[in-house]
Colleague: 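I have a structure I would like to understand better, so I am pasting it below and will then ask my questions one at a time.
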Amino acid sequence: MSLEEVDASAWSSLEAATNDPRSGFRFVNLCSVDAAGRPQARMVVLRRVDTAARLLEIHTDARSPKWLELSRNPFVSILGFCASTRIQLRLAGSVQLHFPGSDLAEKAWSGLSVWTRSTYAGGPPGDEPGDNEPVPVMDEAGGRAFFGVVSFRAESLDWFELRRADNRRACFEYSHLGALMVSRWINP
Ligand SMILES: Cc1cc2nc3c(=O)[nH]c(=O)nc-3n(C[C@H](O)[C@H](O)[C@H](O)COP(=O)(O)O)c2cc1C
């Protein structure tokens with residue numbers, strides 16, 4: 001496989017994951033940096049991929065700690081591993097936040113199931129449920145006010161294939177518009 005083919009196959013497996021809940025890259029790790037400069041990693045669902053622009057889209061609650069972290073520091077790492085192909089993808093780049101009510105958030109919200117919408121209708125993520133406080137009662141439509149979209153643009157990809165004897169690794173860099181600018185094999 002040429003370097004260009006490696007890059008293309010990495011991005012096509014990311015794209016495929018948005019339509020296949022069993023795909024290895026369906027859940028990826030989004031790692032941000034908090035106000036104290038500490039890394040903060042968590043799993044997220046990969047919702048949409050635009051290969052040409054090198055964009056990954058993630059949905060979250062705009063009241064969550066990650067949203068605040070990302071609004072202060074947009075630089076993130078996204079890490080995924082597919083157990084069947086034994087490929088690790090480590091992407092670095094920055095995010096743009098699409099706030100509740102923005103065009104992109106409204107468009108994404110309109111495509112969600114009632115069940116998924118209801119996951120945004122509870123109290124603020126990370127807060128204690130509180131024994132004495134009333135549990136917020138909201139129908140699923142209420143979650144719309146908190147629903148945000150994180151749009152990640154990859155600047156680079158570190159591709160790693162775990163093999164029995166001869167692991168392989170390559171790195172790729174993208175222009176601001178998503179063109180593949182640099183690609184090279186590196187020692188694993
Ligand atoms: C498999 C899996 C998928 C998840 N997907 C999402 C997601 O798409 N968006 C999200 O905000 N949280 C998702 N979560 C929850 C996050 O990992 C995290 O616990 C939560 O969002 C709070 O993160 P924060 O406190 O850093 O904001 C997922 C958790 C798991 C285990």
Side-chain angles (χ1 to χ4, degrees), residues 10-11 13-51 53-130 133 135-136 138-154 157:
W11 281 89
S13 27
L14 289 170
E15 261 183 46
T18 62
N19 293 317
D20 180 4
R22 290 159 309 160
S23 157
F25 297 115
R26 175 68 168 178
F27 304 118
V28 291
N29 188 295
L30 168 73
C31 188
S32 53
V33 178
D34 69 15
R38 304 286 181 110
Q40 294 287 349
R42 81 284 288 160
M43 302 305 296
V44 290
V45 178
L46 192 53
R47 295 289 181 175
R48 202 175 71 85
V49 172
D50 177 344
T51 296
R54 310 290 177 181
L55 294 179
L56 307 187
E57 206 171 278
I58 287 144
H59 297 168
T60 196
D61 192 310
R63 300 168 296 174
S64 65
K66 79 175 80 50
W67 190 269
L68 189 62
E69 285 160 21
L70 296 171
S71 65
R72 288 184 171 140
N73 183 343
F75 298 110
V76 305
S77 171
I78 290 190
L79 181 69
F81 174 67
C82 176
S84 55
T85 57
R86 294 161 70 89
I87 286 171
Q88 169 182 265
L89 302 179
R90 181 162 60 155
L91 297 137
S94 61
V95 298
Q96 201 187 341
L97 300 181
H98 298 271
F99 281 75
S102 62
D103 287 351
L104 194 64
E106 291 286 297
K107 190 167 167 239
W109 177 262
S110 67
L112 296 184
S113 66
V114 168
W115 183 86
T116 305
R117 287 179 177 189
S118 70
T119 62
Y120 293 88
D127 280 13
E128 276 185 45
E133 293 164 31
V135 175
M138 230 190 275
D139 66 17
E140 40 78 28
R144 184 176 175 180
F146 311 119
F147 175 77
V149 175
V150 177
S151 183
F152 165 84
R153 188 178 61 78
L157 164 65

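When a ligand or atom number is given, it counts from 1 through the structure's own listing order.
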Colleague: Evaluate the side-chain hydrogen bond (donor to acceptor under 3.5 Å, both in side chains) criterion for residues Ser113 and Thr116: first the C-alpha distance (whole Å), next the side-chain angles of each, then the deciding distance (0.1 Å), finally the verdict.
Modeller: CA-CA 5 Å; Ser113 66; Thr116 305; 2.9 Å; yes
Colleague: Number the atoms of ligand 1 from 1 as they appear, then name those within less than 4.0 Å of a heavy atom of Val44, with their elements.
Modeller: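 Here the atoms of ligand 1 in question are 4 (C), 5 (N), 6 (C), 7 (C), 8 (O), 9 (N).
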Colleague: Regarding ligand 1, does Tyr120 bring an N or O atom to under 3.5 Å of one of the ligand's N or O atoms?
Modeller: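 Checking ligand 1 against Tyr120, no N or O pair falls under 3.5 Å apart.
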Colleague: Using modelled atom types and a 3.5 Å cut-off, is there a donor and acceptor pairing between side-chain atoms of Arg153 and backbone atoms of Ser151?
Modeller: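 Here the side-chain-to-backbone pair does not exist.
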Colleague: Exactly one of Val150, Thr119, Val45, Leu112 should register a side-chain contact (heavy atoms from CB on, under 4.5 Å) with His59. Which one does?
Modeller: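 Only one of Val150, Thr119, Val45, Leu112 forms a side-chain contact (heavy atoms from CB on, under 4.5 Å) with His59, namely Leu112.
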Colleague: Which value, rounded to the nearest 0.5 Å, describes the distance between Asn29 atom CG and Ser77 atom OG?
Modeller: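 Reported value, rounded in 0.5 Å steps: 7.5 Å.
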Colleague: Does the side chain of Trp67 reach to within under 4.5 Å of the side chain of Leu97, using non-hydrogen atoms?
Modeller: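 A side-chain contact exists here, since the closest heavy-atom pair is under 4.5 Å.
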Colleague: Considering only non-hydrogen protein atoms, determine which one is nearest to atom 23 (O) of ligand 1 and report residue, atom name and distance to 0.1 Å.
Modeller: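 It is Lys66 NZ, 3.3 Å.
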Colleague: Using heavy atoms and a threshold below 4.0 Å, how should the contact between Glu69 and ligand 1 be classified: side chain, backbone, both, or neither?
Modeller: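 No part of Glu69 is near ligand 1 at this cut-off.
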Colleague: Within a distance under 4.0 Å of any heavy atom of His59, pick out the atoms of ligand 1 and give their elements.
Modeller: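 So the answer, numbered in order with elements, is 7 (C), 8 (O), 9 (N), 10 (C), 11 (O).
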Colleague: Does Arg48 use its side chain to pair, donor to acceptor, with the backbone of Ile58 at less than 3.5 Å?
Modeller: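 Checked: no pair found.
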Colleague: With heavy-atom distances below 4.0 Å as the criterion, list the atoms of ligand 1 near Phe27.
Modeller: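 Those of ligand 1 that fall under 4.0 Å from Phe27 are 1 (C), 3 (C).
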Colleague: So for ligand 1, is Trp67 a polar contact partner (N or O within less than 3.5 Å, distance only)?
Modeller: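 No; every N/O pair is 3.5 Å or more apart.
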Colleague: Considering only heavy atoms of Val45, which atoms of ligand 1 have at least one such atom less than 4.0 Å away?
Modeller: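 In order of number, 5 (N), 6 (C), 7 (C), 8 (O).
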Colleague: Backbone N or O of Arg38 within a donor-acceptor pair of the Asp34 side chain at under 3.5 Å?
Modeller: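 It does hold such a pair.
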Colleague: For the side-chain contact (heavy atoms from CB on, under 4.5 Å) test, which of Arg54, Glu57, Glu15 pairs with Val49?
Modeller: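 Among Arg54, Glu57, Glu15, the one meeting side-chain contact (heavy atoms from CB on, under 4.5 Å) with Val49 is Glu15.
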Colleague: Checking contacts now, so for atom 21 (O) of ligand 1, which I'm interested in, is there any protein heavy atom under 4.0 Å?
Modeller: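 Yes, there is one.
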Colleague: Between Arg26, Arg42, Met43, Gln40, which one has a non-hydrogen atom sitting closest to atom 15 (C) of ligand 1?
Modeller: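 The option holding the nearest heavy atom is Met43.
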Colleague: Does Thr60 reach ligand 1 with a nitrogen or oxygen that is under 3.5 Å from one of the ligand's nitrogen or oxygen atoms?
Modeller: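 The answer is yes, given that Thr60 and ligand 1 share an N or O pair closer than 3.5 Å.
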